[in-house]
Amino acid sequence: MVAEELLGKLLVRVTDTGMTVVRINEVEAYLGVEDPACHTFGGRRTPRTETMWGPAGRAYIYLVYGLHHCLNVVTVGEGSPEAVLIRGAEIVEGRDVIRSRRGGLLPLQALTDGPGKLCQALEITRADDGVDLCSEESALSIRDDGFDSSAIRIRRLPRVGVEYAGDAAGWPLRYVSLSRV
DNA sequence: TCTAGGATCGGCT
DNA sequence: GCCGATCCTAGAT
């Protein structure tokens with residue numbers, strides 16, 4: 001499953017204010033039209049979700065609660081609107097840049113331990129919606145640095161914040177890497 | 001055009 | 001541990 005493969009991968013962000021690299025350690029899968037918690041449940045196709053209906057490997061970024069951005073990776077491709085939400089990551093490079101963006105003297109882990117925080121830390125906004133994460137030319141890309149993902153222990157947990165989805169809220173589609181520091 | 005509600009965060013008790 | 005902020009999106013009218 002793609003969600004598990006994303007654990008341990010590097011997320012590389014390049015902006016005017018600096019380059020930052022984080023290692024993904026928490027993700028959540030959304031299974032498209034059959035998943036009541038997914039934005040595309042039942043075949044919904046709107047301007048917001050258009051990116052999810054497109055090719056795999058793109059970033060799907062949306063705004064929740066009018067305040068926070070969330071970063072997703074489109075996983076399947078044309079006609080199958082499935083995606084993986086990046087919930088958390090560990091800072092590899094650029095911690096000073098991230099600290100200045102997030103402000104304050106928060107502990108390192110608190111800078112990127114939620115979807116909204118992660119986007120703020122990496123300066124990800126709707127302007128980045130639809131970028132190709134597989135291209136190293138992109139301002140935002142995912143790379144594999146050879147980190148042995150089979151060595152990390154993965155814990156599967158119920159998803160977060162989707163109680164409204166009924167039974168689907170309990171599906172164990174949240175993957176947490178236990179090697180997080 | 002209007003209205004309800006949300007894949008969160010941070011402050012307060 | 002609980003509650004309110006805040007504004008965009010989507011579906012209803």
Side-chain angles (χ1 to χ4, degrees), chain A residues 1-7 9 11 13 20 22 24-54 56-77 80-91 95 98-131 133 140 142 154-177 180:
Chain A
M1 181 159 246
V2 183
E4 296 182 58
E5 292 171 12
L6 280 171
L7 288 174
K9 291 286 191 298
L11 189 59
R13 174 62 166 165
T20 45
V22 297
I24 299 168
N25 62 17
E26 184 173 348
V27 299
E28 222 169 76
Y30 285 84
L31 305 181
V33 299
E34 296 179 359
D35 182 354
C38 187
H39 291 165
T40 54
F41 174 61
R44 283 201 304 258
R45 185 166 185 164
T46 64
R48 182 177 64 153
T49 62
E50 193 59 32
T51 305
M52 276 183 79
W53 289 88
R58 300 295 179 90
Y60 167 50
I61 296 160
Y62 66 94
L63 197 59
V64 275
Y65 300 108
L67 306 168
H68 305 289
H69 294 279
C70 290
L71 168 65
N72 296 250
V73 181
V74 179
T75 54
V76 180
S80 293
E82 302 187 17
V84 174
L85 168 69
I86 311 295
R87 294 192 56 88
E90 160 197 346
I91 299 172
R95 64 188 61 185
I98 289 173
R99 234 189 241 286
S100 67
R101 284 174 188 155
R102 299 268 299 130
L105 301 168
L106 296 166
L108 268 187
Q109 192 191 359
L111 298 173
T112 54
D113 67 352
K117 296 179 189 179
L118 183 64
C119 286
Q120 191 182 346
L122 299 184
E123 276 188 340
I124 293 170
T125 67
R126 290 276 305 290
D128 297 297
D129 187 63
V131 303
L133 295 170
L140 184 65
I142 288 177
I154 295 171
R155 181 188 285 180
R156 300 178 64 157
L157 300 168
R159 290 182 291 187
V160 174
V162 292
E163 289 80 7
Y164 64 86
D167 289 346
W171 295 353
L173 295 175
R174 178 182 174 203
Y175 299 85
V176 180
S177 160
R180 67 193 306 176

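Atom C1' of nucleotide B:dT8 and atom CD of A:Glu28 are separated by 12 Å, given to the nearest angstrom. In this structure, the CD atom of A:Glu50 is 18 Å from the C1' atom of C:dC8, given to the nearest Å. Atoms NE2 (A:His39) and C1' (C:dG11) sit 15 Å apart, rounded to a whole Å. In this structure, NE2 of A:His69 is placed 10 Å from P of C:dC8, rounded to the nearest angstrom. For the pair A:Leu111 CG and B:dT8 C1', the computed distance is 17 Å after rounding to whole Å. Atoms CZ (A:Arg45) and C1' (C:dG11) sit 18 Å apart, rounded to a whole Å. Atom NZ of A:Lys117 and atom P of B:dA7 are 18 Å apart (whole Å). As a whole-Å value, the separation of A:Glu163 CD from B:dG5 P is 16 Å.
A salt bridge is absent between A:Asp129 and A:Arg48; no separation between the charged side-chain nitrogens and carboxylate oxygens falls under 4.0 Å. In this structure, A:Arg13 pairs ionically with A:Asp128, as a charged nitrogen and a carboxylate oxygen lie closer than 4.0 Å. Note on A:Arg159 versus A:Glu28: no salt bridge recorded, every NZ/NE/NH1/NH2 to OD/OE distance being 4.0 Å or above.
Contact between the side-chain N/O atoms of A:Arg87 and the OP1/OP2 oxygens of B:dT8 is found at a separation under 4.0 Å. Between A:Tyr164 and the phosphate of B:dA7, there is a side-chain N or O to OP1/OP2 separation shorter than 4.0 Å. For the OP1/OP2 pair of C:dT9 and a distance below 4.0 Å, the side-chain nitrogens and oxygens of A:Thr46 include no atom meeting the criterion. Proximity of A:Arg48 to the phosphate of C:dA10: a side-chain N or O atom is located under 4.0 Å from OP1 or OP2. OP1 or OP2 of C:dT9 has not a single side-chain nitrogen or oxygen of A:Arg44 nearer than 4.0 Å. Considering only side-chain N and O atoms, A:Arg126 lies nowhere under 4.0 angstrom from the phosphate OP1 or OP2 of C:dC7.
Applying the ring pair (Phe, Tyr, Trp, His ring centres under 6.0 Å) test to A:Tyr175 and every residue at least two apart in sequence or in another chain returns nothing.
For A:Leu67, taking side-chain heavy atoms from C-beta onward, the closest of the listed nucleotides B:dA7, C:dA10, C:dT6 is C:dT6.
At a cut-off of 3.5 angstrom, counting only N and O atoms as typed in the model, there is no donor on one side facing an acceptor on the other between the side-chain of A:Tyr65 and the base of C:dA5. No donor-acceptor contact under 3.5 Å links the side chain of A:His68 to the base of B:dA7.
In this structure, a donor-acceptor pair under 3.5 Å is absent between the side chains of A:His39 and A:Tyr30. For the residue pair A:Arg102 / A:Gln120, a side-chain donor-acceptor distance below 3.5 Å is found, with atom types taken as modelled.
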(message) Dot-bracket, 5' to 3', for DNA chain B please: Watson-Crick or G-U pairs under 3.5 Å, [ ] where pairs cross earlier ones, | where the partner sits on another strand, dots elsewhere.
(response) ||||||.|||||.

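Counting any heavy atom pair closer than 4.0 Å across all strands shown, A:Arg159 reaches no nucleic acid atom. A:Leu63 comes within 4.0 angstrom of the backbone, heavy atoms only, and of no base.
Taking CD1 of A:Ile24 as the reference point, atom NZ of A:Lys9 lies at 8.5 Å (rounded to 0.5 Å).
Put simply, the side chain of A:Leu140 reaches to within 4.5 Å of the side chain of A:Leu71, judged on heavy atoms.
In this structure, A:Tyr62 forms no aromatic stack with the base of B:dA7, since the conditions of centre separation below 5.5 Å and plane angle below 30° are not both met.
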